[in-house]
Peer 1: 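This is the structure, below, for whatever I ask next.
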Amino acid sequence: MNSTLLSGLLKDYDPGGYYCELLGGLEGGKNQEQLRALAPVIEKINALTVGDLRKRTAAVTRELYNLGITFTVYSQRDQIDRVLPFDALPRVITQKQWAHIERGSIQRVTAINLFLDDIYHDAKILKDKVVPKDLVLTNKNYSPQMEGLTLPHKSYASICGVDLVRGADGEFLVLEDNARTPSGVSYVVENRHLTLRTFPDLARATSIRTVSDYGQRLVESLRQLAMNPSLENPQVVLLSPGTFNSAYFEHVFLAREMGVPLVEGRDLLVDNDRVYMKTILGLEPVDIIYRRIDDQFIDPEAFNPKSLLGVPGLMRAYRAGNVTLTNAIGTGIADDKAIYAYMPRIIRYYLGEDAILPNVETHICREPEGLAYTLQNLENLVVKPVGESGGYGVVIGPRSSKKVLADLRRKLKAAPDNFISQPMISLSVAPTLCSRGVEPRHVDLRPFVVSGRSTWVLPGGLTRVALKKGSLIVNSSQGGGSKDTWVLA
Amino acid sequence: MHKLLARHAEEIFWMSRQVERMNNIARILDVQESFGHQKDGTHNWLSVLKIYADDERFLAQDLKPTAENVLYFYILDGDNPTSIYANLKMARQNARALRPQISTEMWFHLNTFYNSMRGMKRRDISEERLNLVCARIKEACQTFSGITAETLYKDDSWYFSKIGMNLERADQTSRLLDAKYEALQMGDADMGSASDMSQWNALLRSAAGFHAYRRVHSKGFSAESAAGFLLFDERFPRSVSASISEACLALKDLHESFGSDQKRTALDAMKAFQSHVRQSAIKDVIASGMHDYLDDLQKHLIDITSLLEEEFFAP
């Protein structure tokens with residue numbers, strides 16, 4: 001490694017054998033190319049001191065707290081607002097790397113939308129036995145209510161997050177898809193604003209692609225999804241579960257950036273299969289709902305009858321073709337961990353291309369050979385329950401006790417359909433401010449892919465960082481933080 | 001631009017009322033401490049409880065109306081819905097729900113204010129620190145009004161903020177007068193005594209009207225002129241009459257700028273109420289009973305709030 005790169009702030013930094021987002025791998029051509037592109041940024045980072053970094057980070061945390069950009073944690077007596085930790089050292093992606101991510105994400109989401117349109121109509125892919133029929137039709141995320149409903153531009157997962165990781169060789173792999181209600185895009189934009197305000201010296205003279213126009217581009221794409229394409233100015237709203245939801249800040253952010261009303265279920269009603277919002281001057285028709293409420297809670301008439309968050313009759317209006325819901329109902333089938341394993345084949349089936357962004361190697365435990373392999377190699381694999389999200393229920397073999405593995409073995413044998421397994425990926429790291437100075441911490445990347453008439457990717461994305469030393473779990477619900485993500489122009 | 005959500009109208013109306021209410025409570029506590037000495041040199045904190053008709057509820061807790069207890073009750077007690085902290089918590093919750101509607105500066109200010117009060121303990125509001133604490137609260141409320149005036153886009157929600165603030169102000173001034181008027185009248189018989197002077201002072205200062213009153217009435221005090229000033233002086237921003245006029249004007253503007261052909265029951269009621277207040281003469285009010293007049297006034301304000309509720313908040 002070029003020794004001049006490891007002076008100043010990064011003097012004692014050691015990626016410990018992992019692929020480093022800033023310095024690249026330890027050897028090889030890819031490394032030289034990345035280092036050349038990032039050298040100016042590395043130089044600026046090295047000009048910082050740990051003390052200065054800490055002081056400015058504390059100022060950012062204070063600002064986030066007072067701006068209420070917080071998660072709410074409830075205790076018996078009171079509520080505690082916590083800030084999602086922000087790490088000031090940016091994660092930087094070169095032009096060339098981004099072009100690859102962008103092409104791969106668009107390809108993947110295009111295939112996901114074609115897949116959803118197909119399984120809710122003719123189900124050709126099931127008839128052609130590319131994906132097992134029962135895997136789809138008996139999946140709890142499959143929505144019979146969606147059968148036969150045709151959506152404008154076949155946009156089902158209109159806003160999709162593709163979670164990427166990099167292994168030891170630096171290749172980007174898809175870890176999972178988020179086709180329901182992916183969150184985190186507000187941090188992409190807010191983190192950039194924080195960097196520009198608090199670390200102007202870092203960003204100076206570096207050409208970074210903007211993420212600030214996300215709201216405007218998003219609302220434009222959403223307007224293209226009106227069920228009635230002749231509407232000149234369709235009314236878009238953002239439907240939130242309300243102020244007590246942990247992602248409420250993001251809902252506010254998006255509504256403000258898009259300039260659309262932020263409504264709750266109680267602000268809407270359905271009359272004669274038409275959706276209205278209650279304004280001071282009476283009822284106003286609503287055409288497009290960017291909903292941040294899960295399928296199960298969106299309409300007590302159609303789904304969970306106990307839901308107070310939803311709007312009774314919404315599914316009737318949807319089925320009647322009088323309102324657009326984004327994301328569509330029933331997209332959860334596409335990001336289910338069981339379907340994930342088939343994504344390369346799904347891409348090839350609809351697009352006739354190989355996946356640009358490969359999957360992580362996946363063993364499907366419902367298949368005898370997958371189960372056998374998983375049971376034989378349990379201590380080396382990561383086992384994930386299907387139908388869960390947020391990192392819950394994941395067992396990391398090499399880091400689990402004998403007792404945990406024995407429990408898992410029993411569960412696998414009892415209900416193999418509920419699991420998939422993957423090899424342990426040595427996730428890439430990025431220099432991160434920690435209590436002992438700047439140390440490597442594991443990161444992932446979630447680009448946001450939006451599909452209206454066409455599909456585009458926000459040039460940036462959410463970099464989540466596992467702040468606990470050695471931890472591979474980056475989820476904010478489990479002690480993760482985030483970084484500003486720079487795509488170089 | 002989309003039409004204002006009924007829920008947002010209600011939230012901004014109450015948020016403004018809650019901030020205005022905090023401002024008044026802080027004023028009243030501050031003035032009570034500085035000017036509320038009785039002849040024997042002690043404070044009568046029970047009189048503050050009477051302004052808000054909280055005396056029964058307070059005494060039911062088996063607490064003595066000492067300075068410490070009353071101050072805690074009105075400043076920090078989260079279980080008391082009329083405390084500054086409880087109002088701030090509600091205002092902040094409303095502001096959170098209104099985030100897409102109000103400016104970031106408004107939210108930032110209320111949230112910072114709330115975070116600072118959350119950390120306060122009983123010892124921070126002892127009598128000797130009270131003046132400083134009240135000054136900070138008043139200032140925070142006034143800053144909020146200033147930020148609102150400077151940054152809130154004048155769409156339909158702006159009018160509801162204006163209406164809420166002014167209705168609350170009219171209510172607060174009438175309550176203040178109601179609680180103190182009796183003591184004032186007794187003062188008339190005792191003109192010039194130290195206790196009498198401080199009662200006048202206390203009342204006018206609670207409403208931030210001492211100097212304005214002096215400019216209009218350069219000599220002496222009388223129950224009639226002070227009460228008349230607080231009720232009917234159209235040029236004094238905290239008078240009942242001026243507050244009603246402001247609220248009335250805002251509602252009228254709202255209809256003209258954003259209205260449709262819907263009924264205007266709240267506006268009609270507000271206009272009728274405005275002319276009723278304008279036609280009242282202080283001599284008649286005193287002759288027929290100040291308390292009854294103020295009571296009737298407060299009932300009108302409650303009725304108007306219900307009409308706004310029916311017409312706008314729950315369509």
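Each chain gets a letter, A, B and so on, in the order the sequences are listed, and its residues count up from 1. When reading the values below, keep in mind they use all heavy atoms of this one structure, side chains included, and skip hydrogens, waters and symmetry mates.
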Peer 1: For B:Pro100 and A:Tyr248, which heavy atoms make the closest approach, and how far apart are they?
Peer 2: CD-OH, 4.3 Å
Peer 1: Let's test your reading of the structure: which of A:Glu63, A:Gln235, A:His251, A:Arg266 forms the most heavy-atom pairs below 4.5 Å with chain B?
Peer 2: A:Arg266
Peer 1: Check whether more than 12 heavy atoms from other residues, nucleotides or ligands sit under 6.0 Å from atom CZ of B:Arg57, and answer yes or no.
Peer 2: yes
Peer 1: Checking A:Val237 against chain B: side chain, backbone, both or neither under 4.5 Å from a heavy atom?
Peer 2: neither
Peer 1: Can you tell me how far OG1 of A:Thr279 sits from CG of B:Asp156, rounded to the nearest 0.5 angstrom?
Peer 2: 8.5 Å
Peer 1: Would you call B:His2 and A:Glu284 a side-chain contact if the rule is heavy atoms closer than 4.5 Å?
Peer 2: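 No; the side chains remain at least 4.5 Å from each other.
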Peer 1: Check whether B:Asn111 reaches the backbone of A:Asn66 with its side chain - one donor and one acceptor, N or O, closer than 3.5 Å.
Peer 2: yes
Peer 1: Is it the case that atom CD in B:Gln61 sees more than 12 heavy atoms from other parts of the structure closer than 6.0 Å?
Peer 2: yes
Peer 1: Output all residues satisfying side-chain contact (heavy atoms from CB on, under 4.5 Å) with B:Met90, sequence neighbours left out; order by chain, then residue number.
Peer 2: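 Result, side-chain contact (heavy atoms from CB on, under 4.5 Å) vs B:Met90: B:Gln18, B:Asn87.
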Peer 1: Using heavy-atom distances under 4.5 Å, tell me whether B:His8 contacts chain A through its side chain, its backbone, both, or neither.
Peer 2: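 When you check distances to chain A, only side chain atoms of B:His8 fall under 4.5 Å.
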Peer 1: Can you confirm whether more than 12 heavy atoms, excluding those of B:Glu150, are under 6.0 Å from its CD atom?
Peer 2: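 Incorrect, the count does not exceed 12.
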Peer 1: With a 4.5 angstrom heavy-atom cut-off, could you sort out which part of A:Glu264 is near chain B: side chain, backbone, both or neither?
Peer 2: both
Peer 1: If I measure from the heavy atoms of chain A, does B:Glu10 come under 4.5 Å with its side chain, its backbone, both, or neither?
Peer 2: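 Contact with chain A: none, neither part.
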Peer 1: Looking at B:Leu63, I'd like to know if its CG atom is crowded, meaning that more than 12 non-hydrogen atoms belonging to other residues, nucleotides or ligands lie closer than 6.0 Å.
Peer 2: yes
Peer 1: Quick one: does B:Arg99's side chain get under 4.5 Å of A:Phe253's, heavy atoms only?
Peer 2: no
Peer 1: Would you indicate whether B:Tyr72, at its atom OH, is surrounded by more than 12 heavy atoms from other residues, nucleotides or ligands within a distance under 6.0 Å?
Peer 2: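 Enclosed: over 12 neighbouring heavy atoms sit under 6.0 Å from OH of B:Tyr72.
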Peer 1: Compute whether any side-chain donor of one residue and acceptor of the other, for B:Thr104 and A:Arg256, lie under 3.5 angstrom apart.
Peer 2: yes
Peer 1: Any idea which heavy atoms bring A:Asp267 and B:Arg7 closest together, and the distance?
Peer 2: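 Smallest interatomic distance, heavy atoms only, reads OD2-NH2, 2.6 Å.
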Peer 1: A:Tyr65 versus chain B, heavy atoms under 4.5 Å apart: side chain, backbone, both or neither?
Peer 2: both
Peer 1: Got a second to check how far B:Lys3's NZ is from A:Leu283's CG, nearest 0.5 Å?
Peer 2: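 B:Lys3 NZ to A:Leu283 CG: 11.0 Å, rounded to 0.5 Å.
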Peer 1: Under 6.0 Å from the CZ atom of A:Arg197, do we count more than 12 heavy atoms belonging to anything else shown?
Peer 2: yes
Peer 1: Run the side-chain contact (heavy atoms from CB on, under 4.5 Å) check on A:Phe244 and B:Arg96 step by step: do they pass?
Peer 2: CA-CA 10 Å; A:Phe244 296 102; B:Arg96 194 165 147 81; over 6 Å; no
Peer 1: Tell me, do A:Ile280 and B:Leu4 make a side-chain contact under 4.5 Å, heavy atoms counted?
Peer 2: yes
Peer 1: For the CD atom on A:Glu301, are there more than 12 heavy atoms of other groups (residues, nucleotides or ligands in this structure) within a distance under 6.0 Å?
Peer 2: yes
Peer 1: For a 4.5 angstrom cut-off between non-hydrogen side-chain atoms, does B:Leu5 reach A:Lys278?
Peer 2: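 No; the side chains remain at least 4.5 Å from each other.
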Peer 1: Would you name the heavy atoms of B:Phe108 and A:Leu67 that are closest together and state the gap between them?
Peer 2: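 Answer, listing the atom of B:Phe108 first, then A:Leu67: CD1-CD2, 3.6 Å.
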Peer 1: Chain A heavy atoms under 4.5 Å from B:Phe313: which part of the residue, side chain, backbone, both or neither?
Peer 2: neither
